Amino acid sequence: MTEDVRVIRAYIALSVGIFILIFLVALWMGRYPLEFGDVIDYFTGNLPKSSNEYKVIHELRIPRTIVAALVGIGLGLSGLLYQETFQNKLVSPDFLGVTSGACVGAALAILLGLSALMISLFAFVMGIITVVFTLSLAKVFQNRSPTILLLSGIIIGGLMSALLSMIKYFADPESTLASITFWLMGSCEHVTMKDVGLLLPLIAGCSVILLSIRWRINLVALGREEAQTKGLNYVLYRRLIIVMATLMTTSAVSIVGSVGWIGLVIPHMVRLLVGRNTANTIPLTILFGGVFMIIVDILSRSFTNSEVPLAAISGLFGTVIFIAIIYIRRRSILESD
Amino acid sequence: MSKIVAIVTTAVVLAAAVGGGIYFWQQSNSTSDSEITVTDMLGEEVRVKKNPEHVACVSRTTYDLLVAFGLGDRIDGVYKSLLENEWTSVLYPGSSNHFSYDYEPSHELLIQRNVDLVLSPEKYVTDGLKEHGIPALNVSLYGNPNFEPYVYFLADLAKKLWPDVDGVAEKADAWKAEFKTVLDEVNSTLETKSYPEKSVYYVRGDKNNGIGYTDTRKSFNEYVFSQLGMNFLGSTFGTNKPSTDAILDANPDYIVIGGNYQHTLRGLLDQSIWENVEAVKTGHIYRIGVGFSPMEQMGVFTPVFLADMANKLYPSDFHYDTVTMLKNMCQTYFGITLTTEQAGYMLDGMGPDGTPMA
């Protein structure tokens with residue numbers, strides 16, 4: 001076993017440990033005061049089911065912590081996949097317009113007064129439709145360059161933002177407009193086990209598939225010509241990656257709303273530690289993304305009587321971390337220029 | 001020479017134009033006997049027309065009181081949610097003549113409709129209107145430092161604004177007296193008791209925003225429940241959207257639910273997460289009546305709201321006949337004879353047909 005492999009395995013083992021620890025901390029910390037022993041008692045079956053402590057852990061904190069972890073995993077992985085596939089370190093999960101589309105779907109459902117489940121469904125479907133629009137527009141330009149796809153994403157994303165503004169204009173400023181605004185800022189407040197049931201199969205399924213093809217994603221990241229020279233069906237894998245990333249992004253956004261920065265910051269953090277090899281970055285992105293988002297959720301709900309929007313906290317942390325990453329990598333950025 | 005003549009002529013014409021402009025501007029802004037200066041809830045003095053004839057009641061708390069004081073025909077329009085309320089047309093059939101305004105009505109629309117006074121709920125809306133020359137007064141459900149100095153604000157304002165309209169002052173004073181009577185009775189009764197302070201959590205149900213939506217410090221509700229000797233939990237959260245954790249931690253002794261969505265929200269309290277809350281365990285969950293607007297949003301039925309809450313929170317001390325009170329008020333202020341059944345529906349937060357309104 002080489003030194004590099006040992007280091008990477010150590011990183012993964014340490015990250016798994018941190019993930020478990022943060023998960024337990026998330027069940028313990030919150031506005032309702034709990035002893036850490038309550039969390040242990042919950043898992044050992046010693047916490048009475050009728051107690052408030054049990055209800056807070058079982059009905060409030062477990063569903064939202066699982067969902068937060070899944071959202072972090074989904075958005076982190078999507079960002080990594082897009083950045084590798086399109087050989088552009090600055091793309092984030094919403095670059096094909098997924099997030100903007102999902103926001104339009106959710107806003108429309110809120111405007112129509114639909115249920116929480118329908119809001120998620122509308123967001124999911126609109127996210128998918130938006131990506132289909134983006135891919136179709138890119139085809140119209142008859143140019144397979146990743147730049148054209150990027151530009152198509154910007155165009156369709158802009159169109160979705162305009163539609164969102166129209167929906168906000170028609171919304172009642174006293175009721176639906178406020179609901180749309182809060183939804184757009186992201187929150188795990190209303191998450192239940194039903195949401196876990198919706199999100200878990202998608203994120204877990206995509207993660208397993210991506211882990212199993214993580215070596216081939218390295219070849220996709222080399223670009224069309226080089227990948228094909230090495231015998232890889234480039235078009236098939238690129239499509240598969242886009243489908244996976246889109247599914248994960250739109251499902252995450254449809255449950256908790258728009259949460260920025262994770263898809264941009266987490267892949268950069270991971271690459272800073274273990275380099276570009278997706279065989280290593282994918283498992284670490286899963287762990288880092290989950291931990292990051294759980295911490296964001298803890299902070300959103302623990303220190304104030306109302307919940308601070310996820311986007312506000314992820315934005316604050318994301319900015320600081322990104323500045324730190326750029327500072328650390330400033331020399332390699334200069335060399336690549 | 002001709003250049004000098006041209007320059008002098010131009011200068012004279014410009015000077016005349018500027019002077020004339022200033023004169024007409026001063027004329028248009030001059031004060032006259034037909035105007036009065038009033039102070040709104042923000043403490044800002046505003047010059048408005050005396051006896052205004054086209055008032056836009058964008059602030060919900062203003063509509064039913066102005067109608068009750070006999071000023072219904074002076075109202076041009078009203079915030080749309082009030083007109084959508086089924087009780088409004090029952091209590092005041094003349095509401096069908098009133099225009100339906102948005103929360104932030106277009107300035108041009110207000111000018112086009114010849115509105116001479118806007119009663120606005122928010123500072124930024126009021127400021128925007130005034131900056132565009134539209135007289136506006138802030139009438140809100142929140143006071144500073146608390147609501148106590150503003151309990152009779154609108155009644156006193158109506159007397160100042162419409163001094164020449166018959167019956168306004170008498171009806172405003174009658175309403176004030178009615179509220180003061182209940183308030184004094186509640187205060188004097190509770191003074192003789194030495195109950196430990198209990199906490200009350202108010203669920204604001206005029207929007208379907210879940211259990212975690214309430215009123216905050218400085219609100220009218222804080223004032224009413226403090227008069228009822230309660231610790232109004234909305235004042236302690238520092239937010240109007242407390243999390244489930246925060247409400248569970250506060251563990252209210254009483255929960256009161258108001259607004260059109262109260263029946264939906266009452267159902268949410270049956271979820272197991274709430275079952276250890278003191279109010280849920282003891283069954284101390286009470287509805288608040290709905291009139292033109294939810295009764296906890298300061299209006300003509302405020303005396304009934306106070307009496308109803310006193311009955312519910314202190315059943316051994318207060319026995320107000322709220323149904324009769326409500327029927328009498330409807331007769332006095334709106335000339336409407338309400339049936340006992342209808343009064344019951346209203347107190348239960350139901351619509352006129354006895355079904356939930358949302």
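Computed from a predicted model, the values in this text were never measured in an experiment. Note on naming: letters A, B, ... go to the chains in the order of the sequence lines (proteins, then strands), and numbering restarts at 1 for each one.
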What pairs of donor and acceptor atoms, side-chain ones from residues 291-300 of chain B against any protein atom, are under 3.5 angstrom apart with sequence neighbours left out?
from: B:Glu296; atom 1: OE2; to: B:Tyr202; atom 2: OH; distance (Å): 2.6
from: B:Gln297; atom 1: NE2; to: B:Asp206; atom 2: OD2; distance (Å): 3.0

inquiry  = Around atom CZ of B:Arg217, are there more than 12 heavy atoms from other residues, nucleotides or ligands closer than 6.0 Å?
reply    = no

query = Among residues 296-316 of chain A, which ones touch chain B with a heavy-atom distance under 4.5 Å?
reply = A:Asn305, A:Ser306, A:Glu307

Geometric class of the A:Trp28/A:Phe36 ring pair [parallel <30°, tilted 30-60°, perpendicular >60°] = perpendicular

key: Mutual orientation of the aromatic rings belonging to B:His107 and B:His132 [parallel < 30°, tilted 30-60°, perpendicular > 60°]   = tilted

Residue-level contacts of residues 271-282 of chain B with chain A, using a heavy-atom cutoff under 4.5 Å = B:Ser272, B:Ile273, B:Glu275, B:Asn276

ask   = Do the side chain of A:Ser165 and the main chain of A:Ser161 share a donor and acceptor less than 3.5 angstrom apart?
value = yes

key: Aromatic ring pairing B:Phe147/B:Tyr223, orientation class (parallel under 30°, perpendicular over 60°, tilted between)   = tilted

inquiry  = With chain A as the partner, which of B:Thr244, B:Asp102, B:Asp245 has the greatest number of non-hydrogen pairs under 4.5 Å?
reply    = B:Asp245

message = Report which part of A:Tyr54 has an atom under 4.5 Å of a heavy atom belonging to chain B: side chain, backbone, both, or neither.
response = neither

ask   = Taking the inter-plane angle between the rings of B:Phe225 and B:Phe305 on a 0 to 90° scale, is it parallel (under 30°), tilted (30 to 60°) or perpendicular (over 60°)?
value = perpendicular

task = Please determine, by modelled atom types, if B:Asn138 and B:Ser140 share a side-chain donor-acceptor pair under 3.5 angstrom.
result = no

request  = Could you tell me whether the side chain of B:Gln262 and the main chain of B:Gly259 form a donor-acceptor pair under 3.5 Å?
outcome  = yes

query = Between B:Asp127 and B:Tyr124, is there a donor-acceptor pair closer than 3.5 Å when you use the side chain of the first and the backbone of the second?
reply = no

key: Full working for side-chain hydrogen bond (donor to acceptor under 3.5 Å, both in side chains) between A:Thr44 and A:Asn46   = CA-CA 6 Å; A:Thr44 54; A:Asn46 292 328; 3.2 Å; yes

Electrostatic pair B:Asp64-B:Arg60, nearest N-O below 4.0 angstrom = no

remark   = For residues 106-121 of chain A against chain B, heavy atoms under 4.5 Å, the residues are none

remark   = If one checks every heavy atom of B:Thr239 against chain A at 4.5 Å, the contacting part turns out to be side chain

message = Quick check for you: to the nearest 0.5 Å, what is the distance between B:Tyr286 atom OH and B:Tyr254 atom OH?
response = 6.0 Å

query = In this structure, are over 12 heavy atoms from other groups packed under 6.0 Å from B:Glu197 atom CD?
reply = yes

